[in-house]
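Scope of the values below: all heavy atoms of this structure, side chains included, with no hydrogens, waters or symmetry mates.
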Amino acid sequence: WRGAARALASPSARGRAIVVERYGSVPLSVYLPRTRALAGADIRTRELDFVVLRTRRTGRSPLPPTPPRTPPPGFRFAGARQTSTYAVSRFLAPRATVVTLARVRRSSEPQAEVVAQSGA
């Protein structure tokens, strides 16, 4: 989680929404200040980041992380960083766009959480 938080770098003054796997909001909040998990609420943002960790498998090698690269409606793909343990993909919108938990889950995993991070 520390590496993924570093890859996210500082948010813009506008803040951002970060999509993490189920229960990922707690460890991410240790490394990123000014974050709060959203409980199903909509958020208006111009930046949407996805954090994906490798998938552990019992008795086999883990699967590498695969971040989404297809932008959600209203956003454009702005880049990705991938390592053997985590991946981060970033999407930007030209203006504040409403992001719902349902929309995020369609773009990533059904159990995803959304974390809001206020600006620097």
Side-chain angles (χ1 to χ4, degrees):
W1 285 106
R2 180 177 34 238
R6 281 190 200 141
L8 287 165
S10 298
S12 68
R14 300 177 299 271
R16 63 173 157 212
I18 305 167
V19 181
V20 295
E21 64 186 29
R22 185 178 189 187
Y23 306 122
S25 60
V26 173
L28 188 63
S29 70
V30 171
Y31 299 105
L32 285 180
R34 298 178 306 279
T35 59
R36 63 183 169 84
L38 300 176
D42 296 347
I43 184 171
R44 294 182 67 80
T45 187
R46 293 180 66 183
E47 182 177 331
L48 183 60
D49 298 326
F50 288 80
V51 176
V52 182
L53 301 180
R54 68 181 172 190
T55 303
R56 293 182 181 177
R57 302 183 305 166
T58 303
R60 299 189 308 201
S61 297
L63 294 173
T66 307
R69 294 186 185 270
T70 303
F75 289 84
R76 67 171 175 79
F77 180 68
R81 176 180 172 146
Q82 188 162 356
T83 71
S84 62
T85 57
Y86 70 85
V88 174
S89 57
R90 177 167 288 138
F91 300 92
L92 300 174
R95 60 186 165 284
T97 302
V98 174
V99 177
T100 65
L101 190 55
R103 177 190 280 180
V104 163
R105 287 181 171 164
R106 282 193 300 270
S107 298
S108 62
E109 68 169 82
Q111 302 283 330
E113 295 181 351
V114 178
V115 177
Q117 185 181 28
S118 58

Tell me the ring-ring contact (aromatic ring centres under 6.0 Å, His included) pairs involving residues 52-89, sequence neighbours left out?
Phe77-Phe91
Would a 4.5 Å heavy-atom cut-off, applied to side chains only, mark Pro72 and Leu48 as touching?
yes
Which heavy atom in Gly24 sits nearest to a heavy atom in Pro27, and how many Å separate them?
O-CD, 3.3 Å
Scanning both residues in full, the closest heavy-atom pair of Arg46 with Pro94 reads NH2-O, 2.9 Å
Closest approach of Ile43 to Ala17 (non-hydrogen atoms, all atoms of both residues)
CG2-CB, 4.1 Å
Looking at Arg90 and Leu8, would you say the former's side chain and the latter's main chain have a donor-acceptor pair under 3.5 Å?
yes
Determine all donor-acceptor pairs shorter than 3.5 Å in which one atom belongs to a side chain in residues 60-68; sequence neighbours excluded.
none

Treating Ile, Leu, Val, Met, Phe, Trp and Tyr as nodes and any side-chain heavy-atom pair under 4.5 angstrom as an edge, say whether Val19 and Val98 lie in one connected cluster.
no
I'd like to know whether Val20 forms a side-chain contact (heavy atoms from CB on, under 4.5 Å) with Ile18, so could you lay out the CA-CA distance, the side-chain angles of the two residues, the decisive distance to 0.1 Å, and finally the verdict.
CA-CA 6 Å; Val20 295; Ile18 305 167; 4.0 Å; yes
Arg16 CZ to Thr45 OG1 distance, which is reported to the nearest 0.5 Å
9.0 Å
Which atoms form the tightest heavy-atom contact between Gln82 and Ala87, and what is the distance?
CG-CB, 3.9 Å
For the hydrophobic clusters of this structure (ILVMFWY residues joined by side-chain heavy atoms under 4.5 Å, transitively), does one cluster hold both Val51 and Val26?
no
Show the nearest heavy-atom pair for residues Ala96 and Arg44, with the distance to one decimal.
O-NH2, 3.5 Å
What's the separation between atom CG in Leu53 and atom CD in Glu21, rounded to the nearest 0.5 Å?
4.5 Å
